[in-house]
Amino acid sequence: MPSNRYVLKPDVVIEPLVLRWFAWSHLVSPATACMNIAYRYLPLMESFVTSPDVHAAACKNPALIGGPFVDLPASSTDEVKQLIDTTKQASEMILFGEGLREAFRFLMKSADGFSIEKFYALLPESLRGYAELSYTLSGAPDLRVIEPLLYKKGFHKPENQSAMMYRVKGDQRTFAFSTPRLKRQDAIEIQKPFDSDVYDFLATLRTVPRSFDEITQALQVSEENIELLRSFLTEDTLTAAPQTAPGKTRWRYFGHACVLVESPTGVNVLVDPLIAYENDETLVRFTLNDLPDRLDYVVLTHNHADHVQIETLLAIRYKVDTIVVPASGGSLVDPSLKLMLESIGFKKVIALDVFESITKGDLTLRPMPFLGEHGDLDIRTKAAWLVQSGKDTILFAADSNNLEPKLYDLIQELYGSVSTLFIGMECLGAPFSWVYGAYLPLSVDRKKDQTRRLNGSDSDRGMKVIRSLKCESVYIYAMGAEPWLQFVTSIDPSEDTAPAVNARQLLELCKAEGIKAERLFGSADVTIT
């Protein structure tokens, strides 16, 4: 057996973790990580150990999917108690998170429009030197963390990062944001931070055969896990399809908001990578093995976990030349994608402001303004990406909510018509506290929370985008309906939901005006003629 060579089976998951919680960008960025630990994960675990039966009952209720309920059996309470104790050892991070909330509350109560200078000396000790105080133009006090300093000194903790390797059963995983990943007998623990080369080794092991000795040495697998490791490997190898320039613009849909565009000369860009694993279900899908050997660009539209998926990003890092992101606004709720990506091992990250551009060969990328989808918070790390591929113009509007139709009239005046539009129709998103609740200094009124949702456009607003940009082809995507999305979105995929109804309405409106339109699901492969 030592002379044989192996690759990973295509259903092997490498699930990244931070303090045993599924790793998402806000759990890597230091300030939001501190707030999530203090005000999301610790209270959630403490609630579970107090009332495990309540959590179990809630997890059986389809109406509560995605809610703050730990999906573990009551017999796991001792393990969760141990995880609480381990988490509390990150006391410096917890104190910083508590200090942020205390400081915001203090400023809301005490800053009265006079000079804010005196309040620096009154900040919690954990925040001293890491924060800048200010007023908005309307006179409201505000606090900004000096995020690069948090990464360089004290609050970025790569030692809290790890991964768990196991074979996925179908597409089902417990919901990522309410259930910690406890140790399990069918998984191998990888105790390495995300910037480690071991993740590149595992990524290449999907297509590059290696000897069993090489694999065990690289992963430092213990003797007790040797046979488990063997079960993750196969001698079968996939024959890669020959890669040639398509001659025309080609795009492939990988599910949700993930689309690969290849220009006529073969320059490519991958948008919002979140890629499924293989399984034996009938839904046809593209997987990691369907990507090109080299990715010229990866672009990210906005900093939500279904668009910035660390698990997929680590799986493709070794083949990415440049990753391009929207420039950050710098507030607590708007952490820098550039800093986060650099911290997990990406070497070339470029942040662009709206209307700036980057070009390689016959492919140009340009971020466009993107309204909505963030609960009316001042979040600027978001962009719809205009991709000019040869003579073709494609706009990835993601979850953009057309709150002001005049915006798209102005964009059309500046950059002309858009031949192909990809637009999300998640017009009834979660209340904004679902993502941002841990960062709020005070609990938000429920009625207000219900109005400030993470919404994209409905059919009426979407149609106004299409008319303004004079689109020839429209593709509805980013609906969260694919089964491999459920563990990070918890979106109801049924056809009687408001998003699904609005998607059908948009298709009918496009048909009535002679515009080609389609709702994407699973996979698609299109060459623009």
Side-chain angles (χ1 to χ4, degrees), residues 25-44 88 90-157 302-304 327-337 339-340 372-382 431-454:
S25 59
H26 284 212
L27 198 49
V28 174
S29 299
T32 51
C34 293
M35 298 292 282
N36 275 304
I37 291 167
Y39 296 111
R40 184 190 300 270
Y41 296 124
L42 275 174
L44 186 55
K88 287 181 177 179
S91 56
E92 188 179 18
M93 297 182 72
I94 295 168
L95 283 173
F96 190 80
E98 292 172 343
L100 281 169
R101 178 169 287 191
E102 179 186 340
F104 271 110
R105 287 177 171 178
F106 173 69
L107 289 172
M108 290 171 65
K109 179 180 179 181
S110 303
D112 51 8
F114 292 93
S115 171
I116 211 163
E117 179 181 347
K118 60 181 177 293
F119 295 113
Y120 278 95
L122 302 177
L123 287 175
E125 185 61 32
S126 60
L127 262 65
R128 301 286 297 276
Y130 293 102
E132 180 180 14
L133 308 183
S134 64
Y135 288 109
T136 66
L137 283 176
S138 63
D142 202 4
L143 181 153
R144 179 182 71 89
V145 293
I146 304 173
E147 195 174 7
L149 185 58
L150 296 180
Y151 276 98
K152 290 183 177 297
K153 188 172 177 60
F155 296 100
H156 175 53
K157 303 288 187 181
H302 60 293
N303 199 356
H304 286 167
S328 171
S331 68
L332 173 64
V333 294
D334 192 18
S336 167
L337 273 176
L339 290 173
M340 189 280 294
E373 178 34 24
H374 292 82
D376 302 324
L377 293 168
D378 182 16
I379 291 176
R380 304 176 194 181
T381 308
K382 55 183 180 180
F432 84 104
S433 64
W434 189 72
V435 172
Y436 300 103
Y439 317 144
L440 301 176
L442 300 171
S443 16
V444 64
D445 179 87
R446 178 174 171 76
K447 290 182 180 179
K448 293 178 181 177
D449 194 27
Q450 292 295 317
T451 69
R452 294 173 57 185
R453 289 179 171 270
L454 309 179

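As a basis for the values below, the full set of heavy atoms in this structure was taken, side chains included, without hydrogen atoms, waters or symmetry mates.
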Heavy-atom check, side chain of P441 versus side chain of M108, under 4.5 Å: yes
Would L150 and F96 count as a side-chain contact (heavy atoms from CB on, under 4.5 Å) here? Give the steps. CA-CA 11 Å; L150 296 180; F96 190 80; 3.7 Å; yes
Any side-chain donor paired with an acceptor under 3.5 Å for T381 and N303? no
Closest non-hydrogen contact found for L332 with A31 is CD1-CB, 3.6 Å
Flag side-chain contact, heavy atom, 4.5 Å: F106 against P124: no
To the nearest 0.5 Å, what is the distance between OG (S25) and CE (M340)? 5.0 Å
Compare all side-chain heavy atoms of R452 with those of P431 and state whether any distance is below 4.5 angstrom. no
Could you tell me which non-hydrogen atom of I116 sits nearest to which non-hydrogen atom of Y135, and how far apart they are? CB-CE1, 3.9 Å
Check whether any side-chain heavy atom of L127 sits under 4.5 Å from a side-chain heavy atom of L143, and report yes or no. yes
For salt bridge (charged side-chain N to carboxylate O under 4.0 Å, His left out), just list the numbers for D449 and K447, CA-CA rounded to whole Å, side-chain angles, deciding distance to a tenth of an Å, and then say yes or no. CA-CA 5 Å; D449 194 27; K447 290 182 180 179; over 6 Å; no
Heavy-atom nearest pair, M35 first then G97, reads SD-O, 3.2 Å
Polar contact flag, side-chain donor to acceptor under 3.5 angstrom, T136-D142: no
Across all chains, not counting sequence neighbours, the ring pair (Phe, Tyr, Trp, His ring centres under 6.0 Å) partners of Y41 are W21
K88: partners by side-chain contact (heavy atoms from CB on, under 4.5 Å), with sequence neighbours left out: L42, E46, I84
side-chain contact (heavy atoms from CB on, under 4.5 Å) between Y439 and F104: does it pass, once the steps are laid out? CA-CA 10 Å; Y439 317 144; F104 271 110; over 6 Å; no
Distance check, rounded to the nearest 0.5 Å: D445 atom CG versus Q450 atom CD? 10.0 Å
So how far is it from H156 NE2 to M93 CE, rounded to the nearest 0.5 Å? 9.5 Å
Student check: side-chain heavy atoms of L339 and P148 closer than 4.5 Å: yes
A side-chain contact here means heavy atoms from C-beta on lying under 4.5 Å apart; do L123 and L133 qualify? yes
K153 NZ: over 12 foreign heavy atoms closer than 6.0 Å: no
Distance, nearest 0.5 Å, that separates CG of L122 from CD of E102: 10.5 Å
May I ask you to say whether K157 pairs ionically with E92, meaning some side-chain N is under 4.0 Å from a carboxylate O? yes
More than 12 foreign heavy atoms under 6.0 Å from CZ of R380: is that the case here? no
Taking atom CD1 of I37 and atom OH of Y39, what is their separation to the nearest 0.5 Å? 12.5 Å
Any residue meeting side-chain contact (heavy atoms from CB on, under 4.5 Å) with E132, in chain and number order, not counting sequence neighbours: Y120, R144
L27 and T32, any side-chain heavy atoms less than 4.5 Å apart: no
For the residue pair Y436 and H374, does the interplanar ring angle fall in the parallel (under 30°), tilted (30 to 60°) or perpendicular (over 60°) class? tilted
When every non-hydrogen atom of S336 is compared with those of E147, the smallest separation belongs to N-OE1, 3.0 Å
Mind running side-chain contact (heavy atoms from CB on, under 4.5 Å) on H302 and E373 for me, showing each step along the way? CA-CA 10 Å; H302 60 293; E373 178 34 24; 3.7 Å; yes
Test side-chain contact (heavy atoms from CB on, under 4.5 Å) on Y130 and V145 and set out the steps. CA-CA 6 Å; Y130 293 102; V145 293; 5.8 Å; no
Quick check for you: to the nearest 0.5 Å, what is the distance between K448 atom NZ and S433 atom OG? 13.5 Å
Specify the closest pair of heavy atoms between L107 and P141, including all atoms of both residues, with the distance to one decimal. O-CG, 3.5 Å
